[in-house]
Amino acid sequence: MTKLDSKIPEGVLKDKWTNYKAHQDLVNPANKRKIEIIVVGTGLAGASAAASLGELGFKVKNFCYQDSPRRAHSIAAQGGINAAKNYPNDGDSVYRLFYDTVKGGDYRAREANVYRLAEVSNAIIDQGVAQGIPFARDYGGLLDNRSFGGALVSRTFYARGQTGQQLLLGAYGALNRQIAKGSVEMYPRTEMMDIVVIDGRARGIVTRNLVTGEIESHFGHAVVLATGGYGNVFFLSTNAMGSNGSAAWKAYKKGAYFANPCFVQIHPTCIPVHGEFQSKLTLMSESLRNDGRIWVPAKLEDAEAIRARKKRPEDIPEEDRDYYLERRYPAFGNLVPRDVASRAAKERCDAGYGVETGQAVYLDFKHAIERLGKDVIEARYGNLFQMYEKITDQNPYETPMMIYPAIHYTMGGTWVDYELQTTVPGLFSIGEANFSDHGANRLGASALMQGLADGYFVLPYTIQNYLADQHQVKPFSTDMPEFKETEKKVKEQIANLMEIGAKGKRSVDSIHKELGHIMWDHVGMERNANSLKEGIEMIKKLRKEFWQEVRIPGKTDTINVELEKAIRLADFLELGELMARDALHRDESCGGHFRAEHQTEEGEALRHDDKFMYVAAWEYKGKDAEPELHKEDLKYEGIEVKTRNYK
Amino acid sequence: MSTKTINLTLKVWRQNGPQNKGQFETYQVSNVSTDSSFLEMMDVLNEQLINEGKEPVAFDHDCREGICGMCSMYINGRAHGPDRLIPTCQLHMRKFKDGETITVEPWRANGFPVIKDLMVDRSAFDKILQAGGFISVNTGGVPDANAIPIPKEAADEAMDAAACIGCGACVATCKNSSAMLFVSAKVSQLALLPQGKVEAKRRALNMIAKMDELGFGNCSNTGACEIECPKGISLAHIARLNREFLTASFTA
Ligand SMILES: Cc1cc2nc3c(=O)[nH]c(=O)nc-3n(C[C@H](O)[C@H](O)[C@H](O)COP(=O)(O)OP(=O)(O)OC[C@H]3O[C@@H](n4cnc5c(N)ncnc54)[C@H](O)[C@@H]3O)c2cc1C
């Protein structure tokens with residue numbers, strides 16, 4: 001078995017990043033102009049990286065599938081971004097942010113990366129303010145904070161309920177500035193179809209122009225993937241419709257190991273499913289748990305009466321309500337981490353206490369409104385309440401919201417070392433696309449932090465260590481056989497799909513929905529060996545059906561949305577299987593990965609540190625071959641490994 | 001949620017590419033749940049078309065939570081349809097009646113050529129922002145976030161302007177296809193903050209010059225854009241832009 005080299009720098013935890021920067025190689029300013037870098041993705045990670053690399057003087061090409069970089073999925077993040085500023089003087093510090101993140105991730109994250117993340121977190125807020133991001137402020141004119149799950153301090157910065165939008169528009173502004181200067185060339189409505197590897201190094205990509213259908217090659221001395229998470233393998237999720245796992249999957253097939261694919265986050269507060277035609281699930285930000293209280297009826301007959309529309313939530317007296325999070329976790333209450341809150345909701349609903357369809361619980365603002373007034377609640381969450389009302393036709397100021405857990409985020413992703421480099425030299429992965437910082441569960445408001453940390457403050461350093469000697473390498477012609485060969489494969493795949501698609505009977509969405517059901521039922525919030533094995537067989541069968549029955553109308557030389565979806569679904573149908581395999585092999589529970597066989601008497605996740613304190617990195621071995629498992633052992637020096645306790 | 005289903009007649013604009021002429025096609029969709037969003041109703045139509053062996057209707061969409069600004073449908077003569085303060089993806093079918101005929105068109109404006117069916121090219125918006133819709137700071141080396149206090153009112157007003165999602169409803173609604181509401185939102189956001197003040201004048205001049213160059217029309221202050229804006233961006237920002245622009249022109 002190859003040993004994975006995580007390249008963690010020497011020294012004590014708190015000095016590692018400083019030491020790394022002090023000794024790494026850099027590219028001299030004159031040589032930067034000779035070096036070309038491809039960045040795929042324009043979310044927080046991609047836009048911040050492309051802009052920062054452009055500022056440094058590199059020649060950058062940046063790609064996204066939307067019509068504008070500003071529309072990347074990061075735009076939808078609502079609640080906030082963490083930083084260890086300790087402005088409220090409530091005891092926060094870099095160490096505490098690090099500690100909370102490792103603990104929240106259930107001791108399955110790489111310690112050195114997490115510490116660095118906490119260390120650079122403050123600079124992100126400074127950067128955002130300098131860019132003109134209108135973060136929330138108090139009357140003294142200073143920045144305001146709120147609390148998120150898994151923390152006992154208020155360290156979350158926010159811009160109303162649109163924090164992701166504002167942070168992304170800040171990064172997009174920086175990107176626009178570089179586009180205007182000519183240091184970044186932007187390719188919107190362009191999908192990366194494959195990565196080109198020459199002599200063992202990533203040297204470019206092949207893309208499809210989504211408007212003209214043209215297949216093109218682009219050279220880069222290095223390639224950076226910032227392509228987001230793969231939550232849409234479940235069909236229904238809080239992700240944008242186009243979010244996909246294809247770039248990471250293409251990287252996997254070109255030799256980049258895929259780490260912890262089974263670590264998926266299920267967010268506890270989403271608007272429940274309403275019907276079969278539903279296309280996506282809408283998140284109600286975790287920030288709502290600052291003031292909202294989660295409950296279900298304490299009596300089965302009340303739950304039944306509510307489901308039968310004979311009673312309304314307002315009819316249930318206080319003493320007959322079960323605020324189950326406050327009951328089970330008195331210390332953290334409604335602010336327990338997401339995995340804990342999600343499972344607790346499922347537990348109540350499975351036991352028959354769910355409301356509405358039976359797959360919903362209440363998130364109630366009655367007490368907060370009584371305590372603080374409607375105005376305060378409106379100022380804090382107005383846009384979320386409005387969104388809720390538009391979708392459900394119910395007024396959350398008057399009646400409790402209904403919520404249920406939904407797929408939200410993927411902690412797993414492309415394996416990277418400390419430098420954010422994958423196992424393919426020259427191929428880097430940043431943001432949600434990599435696996436690095438969140439272990440088996442991500443804390444709220446930490447994805448934005450990680451995406452921007454990677455893009456602004458980590459990759460622009462670490463990539464130079466790789467590029468230091470690359471100015472001597474002349475840009476390769478895209479007529480080289482490796483490019484042509486990759487283009488040919490891409491074209492063949494498309495032709496193949498179109499040929500099946502002309503005769504096929506099942507729409508892409510109908511197959512994707514079926515995959516989603518398999519994933520939710522077998523690789524979802526609670527997993528066990530039998531159902532995982534069953535799931536794997538079902539995915540295989542569905543994959544076969546896809547390659548015989550999928551229907552794709554239209555042509556390849558114009559906009560063809562069905563073709564785009566089919567290409568992404570083909571990858572999801574393989575990735576889903578790897579997720580199930582990974583979940584099957586990880587015979588323990590940790591964070592968001594809950595194996596029914598491994599739980600405490602109180603139903604909490606039971607880790608097996610003796611056997612599974614490692615990152616599972618899977619290597620692709622060919623079309624029908626079993627992938628090979630590589631293990632990166634996790635060592636903790638700066639933190640004592642304990643059982644998570646939020647009671 | 002009181003779920004009902006309704007039947008609808010849809011008149012949808014179909015256009016094969018920028019060079020083609022385009023025409024309305026009429027479709028029937030039945031059993032649409034009133035809890036569905038407008039785009040989910042379009043999904044149902046597309047599923048039906050695919051099953052009939054026809055090409056589905058191309059339309060832009062992504063987040064389906066009202067924030068990415070990608071969806072852009074002109075429904076019954078109004079940008080984003082009959083409901084207020086939301087883009088198309090948050091419009092729900094309970095706003096329509098059983099048996100109703102709904103007309104769906106793309107944005108129509110010189111600055112936004114049709115790509116296919118209901119998809120248009122809004123890259124002009126990116127170009128306007130590239131002309132100056134940012135603060136010129138590099139990554140790193142900036143002051144502490146709390147070094148400069150900003151009055152809460154200014155920060156809140158900047159946030160009101162920054163809420164723009166760049167969907168282009170303002171342009172599609174304006175009889176002159178003016179992009180003033182869009183431009184003013186960015187100019188105003190940054191001019192309200194001390195960090196953005198430094199470049200305020202240059203920013204206004206450059207963005208307006210670019211807007212004119214790209215073929216957007218003049219603002220004649222009818223206020224239609226404000227009414228259709230899914231984020232409620234106020235006309236007051238246009239007034240602020242005009243002030244910035246005038247003082248900038250005088251001092252330039
Ligand atoms: C509803 C919602 C709310 C959230 N709220 C919060 C929050 O409050 N706080 C927090 O910390 N986190 C939050 N998150 C999580 C966070 O938003 C994401 O994890 C993060 O934004 C991901 O950023 P990214 O840059 O890695 O990827 P993304 O923003 O997903 O960007 C991916 C980019 O890659 C491009 N791309 C993908 N595939 C290809 C391809 N093949 N070819 C070309 N381009 C491609 C896309 O066009 C896009 O530009 C939330 C997530 C959701 C869904």
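Throughout, protein chains are lettered first and strands after them, A, B, ... in sequence-line order, and every chain is numbered starting at 1. Fair warning: this is a prediction, and the values are worked out from it, not measured in the lab. Computation of the quantities below employed the complete heavy-atom set of this structure, encompassing side-chain atoms and omitting hydrogens, waters and symmetry-equivalent molecules.
- With a 4.5 Å cut-off on non-hydrogen atoms, B/I165 touches chain A through its backbone and its side chain both.
- Interface remark: of the candidates A/Q78, A/Q386, A/K505, A/Q386 forms the most heavy-atom pairs closer than 4.5 Å to chain B.
- Between the side chain of B/N46 and the main chain of B/V44, no donor-acceptor pair closer than 3.5 Å is present.
- Looking only at atom types and distance, the side chain of A/Y87 has a donor-acceptor partner in the side chain of B/D144 under 3.5 Å away.
- A/Q394 and A/T399 share no donor-acceptor pair across their side chains, judged by distance under 3.5 Å alone.
- Neither the backbone nor the side chain of A/L210 comes within less than 4.5 Å of any heavy atom in chain B.
- Residues satisfying the ring-ring contact (aromatic ring centres under 6.0 Å, His included) criterion with A/Y172, sequence neighbours excluded, are absent altogether.
- The most heavy-atom pairs under 4.5 Å with chain B, out of A/Q178, A/R189, A/M186, come from A/R189.
- Of the two parts of B/E47, only the side chain, counted from C-beta on, holds a non-hydrogen atom closer than 4.5 Å to a non-hydrogen atom of chain A.
- Annotation: maximal heavy-atom pairing with chain A below 4.5 Å, among B/S36, B/A158, B/G69, occurs at B/G69.
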Practice task
Show your reasoning for whether side chain to side chain contact (heavy atoms under 4.5 Å, CB included) applies to B/E40 and B/R64.
Solution key: CA-CA 10 Å; B/E40 284 167 353; B/R64 296 204 178 190; 4.0 Å; yes
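- A/I179 touches chain B through its side chain: at least one heavy atom from C-beta onward sits under 4.5 Å away, while N, CA, C and O do not.
- With a 4.5 angstrom heavy-atom cutoff, B/N138 touches chain A via backbone and side-chain atoms both.
- For a residue to count as touching a neighbouring chain, one of its non-hydrogen atoms must lie under 4.5 Å from one of that chain's; by this rule A/D67 touches chain B with backbone and side chain alike.
- Contacts between B/K54 and chain A at a heavy-atom distance below 4.5 Å involve the backbone alone (N, CA, C, O).
- Most heavy-atom pairs under 4.5 Å with chain A, from the set B/G166, B/A58, B/A155, B/S33: that is B/G166.
- Looking only at heavy-atom pairs under 4.5 Å with chain B, the residue among A/Q162, A/Q165, A/H73 that has the most is A/Q165.
- At least one side-chain heavy atom of B/L91 sits less than 4.5 Å from a side-chain heavy atom of B/P82.
- For B/A163, the parts lying under 4.5 angstrom from a heavy atom of chain A are both the backbone and the side chain.
- Under 3.5 Å, the side chains of A/S237 and A/N232 contain a donor-acceptor pair of N or O atoms.
- If you measure heavy-atom distances from B/D60 to chain A, the contacts under 4.5 Å come from the side chain alone.
- For the options A/Q66, A/R70, A/K181, heavy-atom pairs under 4.5 Å to chain B are most numerous at A/R70.
- Ring pair A/F135/A/Y158: centre-to-centre distance not below 6.0 Å.
- Heavy atoms of B/M41 lying under 4.5 Å from chain A are absent altogether.
- The contact between B/D156 and chain A is made by backbone and side chain atoms together, counting heavy-atom distances below 4.5 Å.
- Neither side chain, B/H237 nor B/S184, offers a donor N or O lying under 3.5 Å from an acceptor on the other.
- At a 4.5 Å heavy-atom cutoff, the contact between B/V120 and chain A is made by backbone atoms alone.
- When only modelled atom types and interatomic distance are considered, B/H92 and B/S37 share no side-chain donor-acceptor pair under 3.5 Å.
- In this structure, a donor-acceptor pair under 3.5 Å is present between the side chains of B/Q189 and B/K186.
- Comment: B/E157 engages B/R240 in a salt bridge, judged by a side-chain N to carboxylate O separation of less than 4.0 angstrom.
- Contact tally against chain B (heavy-atom pairs below 4.5 Å) for A/T282, A/V561, A/D509: the top residue is A/T282.
- Neither the backbone nor the side chain of B/N206 has a heavy atom closer than 4.5 Å to any heavy atom of chain A.
- The part of B/Q195 that comes within reach of chain A is its side chain, from C-beta onward, which places non-hydrogen atoms under 4.5 angstrom from that chain.
- Of all residues spanning residues 123-131 of chain A, those with a heavy atom less than 4.5 Å away from chain B's heavy atoms are A/I125, A/D126, A/Q127, A/V129, A/A130, A/Q131, arranged by number.
- Judged purely by atom type and a 3.5 angstrom limit, A/T392 uses its side chain to pair as donor or acceptor with the backbone of A/Y388.
- Between B/F96 and B/F38, the two ring planes are tilted [angle within 30° to 60°].
- Looking only at heavy-atom pairs under 4.5 Å with chain B, the residue among A/S279, A/A502, A/A136 that has the most is A/S279.
- Looking only at side-chain heavy atoms (C-beta outward), A/F157 and A/L143 come within less than 4.5 Å of each other.
- Remark: A/Y461 OH is loosely packed, at most 12 non-hydrogen atoms of other residues, nucleotides or ligands lying under 6.0 Å away.
- Contacts of B/I50 with chain A are made by both backbone and side-chain atoms, with heavy-atom separations under 4.5 Å.
- Only the side chain of B/N51 comes within contact range of chain A, judged by heavy atoms closer than 4.5 Å.
- Side-chain contact check for A/Q278 versus A/L236: some heavy-atom pair is nearer than 4.5 Å.
- Using a 4.5 Å heavy-atom threshold, the side chains of A/R160 and B/M159 count as touching.
- The most heavy-atom pairs under 4.5 Å with chain A, out of B/A154, B/P151, B/P149, come from B/P149.
- Using a 4.5 Å cut-off between heavy atoms, B/L85 touches chain A through backbone and side chain atoms alike.
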Exercise for the section: Go through the steps for A/S183 and A/E55 under the test side chain to side chain donor-acceptor pair (under 3.5 Å), then give the verdict. Expected result: CA-CA 8 Å; A/S183 54; A/E55 287 164 10; over 6 Å; no
